[in-house]
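Worksheet for the structure shown next.
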Amino acid sequence: MVQLYNLHPFGSQQVVPCKLEPERFCGGGRDALFVAAGCKVEAFAVTGQELCQPRCAFSTLGRVLCLAYSEAGDYLAAIEEKNKATFLRAYVNWRSKRTENCRVCIRMVGHNVEAPFSDTYKDQMSIIEIPLSEAPLCISCCPVKGDLLVGCTNKLVLFSLKYQIINEEFSMLDFERSLIIHIDNIIPVEISFCVGYVALMSDLEVLILKLESDPKNGESVNHQPHKTDNPMKQTEGVRHETLQLESDDFVICQKPMELLGEKSSQSGVSVTLESTGLADEKTKYYHVQHLLYKRFAPDISFCVFSDDVKLHSLQLLPIYQTGSLTSGRKKLSQEKELLSLFCFFSLPHVGYLYMVVKSVELMSVYQYPEKSQQAVLTPQFLHVIASNNLQCFTVRCSAAAAREEDPYVDTTLKVDYSNTYKTAKTQSCIHLLSEAHLLVRAALMDANQLEPGEKAELLEAFKESCGHLGDCYSRLDTQHSHLALPYYKMSGLSMAEVLTRADWVLEDGSQKYERGLIFYINHSLYENLDEELSEELAAKVVQMFHVAEPKQLPHILCSPSMKNINPLTAMSYLSKLDTSGFSSILVTLTKAAMALKMGDLDMHRNEMKSHPEMKLVCGFILEPRLLIQQRKGQIVPTELAAHLKDTQPGLLVASVLGLQKNNKIGIEEADSFFKVLCGKDEDIIPQLLVDLWEAQLVAGLPDVVLQELFFKLTSQYIWRLSKRQPPDTIPLRTSEDLINACSHYGLIYPWVNVLISSDSLADKSYTEDLSKLQSLICGPSFDIASIIPFLEPLLEDNIAGLSVHVLCQTRLKEYEQCIDTLLERCPEAIIPYANHELKEENRTLWWKKLLPELCHRIKCGGEKGQLYLSSLKETLSVVAVELELRDFLNVLPEDGTAAFFLPYLLYCSRKKSLT
């Protein structure tokens, strides 16, 4: 908080030509001012060419005690006194009253107006009489919904704003009494109401409540008075005792008290809700939540009470969501979205500002140098009418609300005269610049009310103030020096511009780099910015970190922004590093990268050989940008990565795998990296990427990723086999390596090897892909059903395709179809297949499927007759062991030669005696 001496944010001062001495006044939105004097209210224009000229005037019932204007509904409410009686009236459609003698319609609140009278009400001012059972003491209008809250001696009465629809062209404003809030032990002097939040103030007490419209635990609406829980009944009793003990001779004062949040319900103030609205009312309040109770102690040093101990200027200030305002008056309450809410109240010499949304928190305390008469809070300033002048203080309401809207932007610390202090290096300078920045940010919160030129000017001032604050925090060695980063970011300055305006040279000629600047540069270089520093500035950055943060030097040199650094300069600083204090492997890899950039391959090889491969992998994990960088949102492999692709592909794949396991790179990013590195189109998969996928399977990944990985590998294996396309580089692992290292690759079934060996003309260039695919299908983790739709390109006209199809059918338990296929295409593999697959519950297929098929094919003859015959003998040997003699006879063909089957029959008959 800063008090602005002799400086107020007013463009001019105008005198309102009142006919009588003003008694009460209030603002009428953005374009009007109401002044009450005697039994009359005058409205003056405050904008346009008719500035401070009378707009209209209307008579009141009596002397005006209180005025309140509501922008929602565009009405004026007044408490008026006549013959020692008070009345509450609302003046509606007042803009239509052009002259004092114009006709005025007076009606009772809730009175239904028939359609024939619509023409009467449309073009003339209406006065709504609002009767009350008790005399009104104070009033407040909700700035969002336009509801009217009336304070009486022991209660608050809420009137909801509504519109009576007369016809399609005309609706009339009216009120409905919807809620009575009974409050014991506090007589309200001032009240304030805003979208369910109620603040009431007596001479020395302030109470803030929140009316909640959602029924808790499914409770039904109770139209009888509902008391809130009060755990401190004793406090209430003390209040009554205090009132009884007070007399002309004794004054008993209670101690000061402040209760926040739930604790405020222990204040001893009893609050009761009584619903009086209609059953179909849109907004109903069912419960009350206590937010704040604050009690002040009077100053009794002079044994008398005075105005010095009385509170004044109670106000609830809402801050709305950016861009939520609209000019339509009837739709204004629907369009505004509350972002934050603040409560202000004041003693004559001190003011208090609280934030009451989400959490109740004291934000500021304002000490006045003079006794105050009245204060008004705005999102940017607190204006205080003092004994001799008008005082002005900056406030943080807009800044706090902006933080609620954007919690990642620091606006709490957040402008021609600021240029004067842009080179200063004091805390007071930061404080002043922060307040200037706050004023600009507050103005931008309500940017919809600005002209395009004004908004552009404010945005430019906002960026300029951010730049000045960034300069201050970058130069000062404070605990908040890290704020240089967000302020520089919001300023829109490039890194080169920040480095250029930074003042590194001290008065004695030495150089010092403060933490704020180091913090900003370090984080900016980590953000993969598209900005490339010049060779001169890059060298300056290296020198800066060599002095201030030498451990960060290898990381700094790997930033894409440092692309233009002279490698000789970088090597000279790297050679000066003491590697005992941090990882020497990172320095080694950075030197190797710089040596490669210099074209010194011998130095590069020496650096790479100085550590084992696993340590090199750890170094790449510490700094992924040695291999992978991003420019303009695209993945760009480094020169070192391209060199490793040709010289040490195994190290490259292991390093990228390590980055994935340590969450330094995503799966899609790794895929894109290898495609770009190998210069392949999006649809072409390089072998190095296949090597990475295989390495991922070996390393073990979560089940969610596993099936996706199976799909990638099988699709690639099938594509190469169908196209007879060999890998573009030698695979890092053979199928045997994968079977030995990874449980997902299973041992290939023996009959598959027999099947493959039957094709002497098989192309050896894709044998490894075929073996890996077969091994995956034979593994325990593979979902066979998922691969069937992708087998179409792999035809069965060659042994490779045939083996894959038969493997998949076998895994799906389609044994009879596999028997038919093998008998037709490769009879020599049928017995190895049957021995491996036809076991346990599938053993009956030996005599129910295989034996009849062999007999049938032998009978038909052909060139494969001898293969079928030898397979039949093997089959009969198995069946003779499995079946009893009678069952064995039943499965033999009726037209067979007895001499051929006799040895098997004799073995089957002697089998029982032998056992």
Side-chain angles (χ1 to χ4, degrees), residues 22-29 31-37 39-44 55-82 85-97 104-111 121 125-152 155-164 172-181 188-195 198-201 314-316 318 329-330 332-333 376:
E23 296 177 355
R24 298 285 184 270
F25 65 90
C26 75
D31 61 348
L33 173 69
F34 295 103
V35 179
C39 295
K40 182 181 292 186
V41 174
E42 293 181 277
F44 296 89
R55 296 187 57 167
C56 67
F58 45 88
S59 299
T60 61
L61 191 62
R63 187 170 64 93
V64 177
L65 302 180
C66 184
L67 282 176
Y69 171 78
S70 173
E71 191 171 1
D74 192 26
Y75 69 88
L76 179 71
I79 298 178
E80 303 168 14
E81 181 186 42
K82 182 178 182 181
T86 55
F87 305 88
L88 177 62
R89 309 174 97 194
Y91 297 85
V92 180
N93 204 20
W94 56 271
R95 297 176 186 271
S96 299
K97 196 173 190 310
V104 175
C105 174
I106 303 178
R107 54 189 169 92
M108 191 69 68
V109 65
H111 175 67
Y121 289 106
M125 186 179 78
S126 296
I127 301 176
I128 303 176
E129 299 277 1
I130 306 176
L132 293 164
S133 60
E134 297 183 21
L137 302 177
C138 46
I139 54 177
S140 176
C141 302
C142 174
V144 178
K145 296 185 177 181
D147 299 340
L148 176 63
L149 186 68
V150 184
C152 303
K155 62 187 177 183
L156 305 177
V157 184
L158 178 62
F159 292 89
S160 298
L161 179 67
K162 68 175 186 178
Y163 289 90
Q164 290 188 24
M172 187 170 63
L173 184 147
D174 200 2
F175 296 93
E176 177 188 354
R177 189 178 70 170
S178 59
L179 183 70
I180 299 177
I181 309 171
V189 176
E190 294 184 29
I191 59 175
S192 186
F193 181 61
C194 182
V195 285
V198 177
L200 64 152
M201 182 181 75
L314 176 68
Q315 183 180 350
L316 286 176
R329 296 188 179 275
K330 291 186 179 180
L332 185 65
S333 62
V376 176

Separation between CZ (R55) and CG (L33), nearest 0.5 Å, reads 11.0 Å
Those residues at least two apart in sequence (or on a different chain) that pass side chain to side chain contact (heavy atoms under 4.5 Å, CB included) with C26 are F34, L67, Y69, L76
The reported gap from CG in L88 to CD1 in I128 (rounded to nearest 0.5 angstrom) is 10.0 Å
Taken in chain and number order and not counting sequence neighbours, the residues that satisfy side chain to side chain contact (heavy atoms under 4.5 Å, CB included) with A37 are L20
**Prompt:** Sub-3.5 Å donor-acceptor pair from the side chain of R24 to the main-chain atoms of L65, do we have one?
**Reply:** yes
Of all heavy-atom pairs linking P136 and C152, the shortest is CA-SG, 4.3 Å
Do the side chain of Y91 and the main chain of A78 share a donor and acceptor less than 3.5 angstrom apart? no
Tightest non-hydrogen contact, residues P22 and V35, listed as CB-CG1, 3.6 Å
All heavy atoms of I139 vs all of A77, minimum pair found to be CD1-O, 3.6 Å
Across all chains, not counting sequence neighbours, the side chain to side chain contact (heavy atoms under 4.5 Å, CB included) partners of S192 are S140, A199, L314, L316
Q.
For a side chain to side chain contact (heavy atoms under 4.5 Å, CB included) check, start with the C-alpha distance between M172 and V92, then their side-chain angles and the critical distance, and finish with the verdict.
A. CA-CA 9 Å; M172 187 170 63; V92 180; over 6 Å; no
Donor-acceptor contact present, side-chain E80 to main-chain L61, <3.5 Å:
yes
- Message: Under 3.5 Å, is there a donor on one side chain and an acceptor on the other for K162 and S178?
- Response: no
Check the surroundings of atom CZ in F58: do more than 12 heavy atoms from other residues, nucleotides or ligands lie under 6.0 Å from it?
-> yes
Distance col, row I191:CD1 vs M201:CE, nearest 0.5 angstrom, shows 11.0 Å
All heavy atoms of Y75 vs all of C141, minimum pair found to be OH-SG, 3.6 Å
Value for CZ (F193) from CG (L156), rounded to nearest 0.5 Å, stands at 10.0 Å
Practice problem: Answer yes or no: is there a side-chain heavy-atom contact under 4.5 Å between V109 and P131? | Solution: yes
For E23, the side-chain hydrogen bond (donor to acceptor under 3.5 Å, both in side chains) test, sequence neighbours excluded, returns none
- For the pair V104 and I127, evaluate side chain to side chain contact (heavy atoms under 4.5 Å, CB included) and give the outcome as yes or no after the intermediate values. CA-CA 7 Å; V104 175; I127 301 176; 3.5 Å; yes
Here the gap from L148 atom CG to E176 atom CD, rounded to the nearest 0.5 Å, amounts to 13.5 Å
Hits for side-chain hydrogen bond (donor to acceptor under 3.5 Å, both in side chains) against D174, two or more places apart or cross-chain, chain-then-number order -> Q164
Between L132 and V150 the two heavy atoms that sit nearest each other are CD1-CG1, 3.7 Å
- Test side chain to side chain contact (heavy atoms under 4.5 Å, CB included) applied to C142 and L149, step by step: CA-CA 8 Å; C142 174; L149 186 68; over 6 Å; no
For A57, the side chain to side chain contact (heavy atoms under 4.5 Å, CB included) test, sequence neighbours excluded, returns K40, E42
Under 3.5 Å, side chain of T60 to main-chain N/O of C39, donor-acceptor pair present? yes
Residues T86 and A135: closest non-hydrogen pair is OG1-CB, 3.3 Å
Note to self: Let's go through K145 and L161 carefully: what are the C-alpha distance in whole Å and the side-chain angles of both, what is the deciding distance for side chain to side chain contact (heavy atoms under 4.5 Å, CB included) to 0.1 Å, and is it a yes or a no?
What the structure shows: CA-CA 7 Å; K145 296 185 177 181; L161 179 67; over 6 Å; no
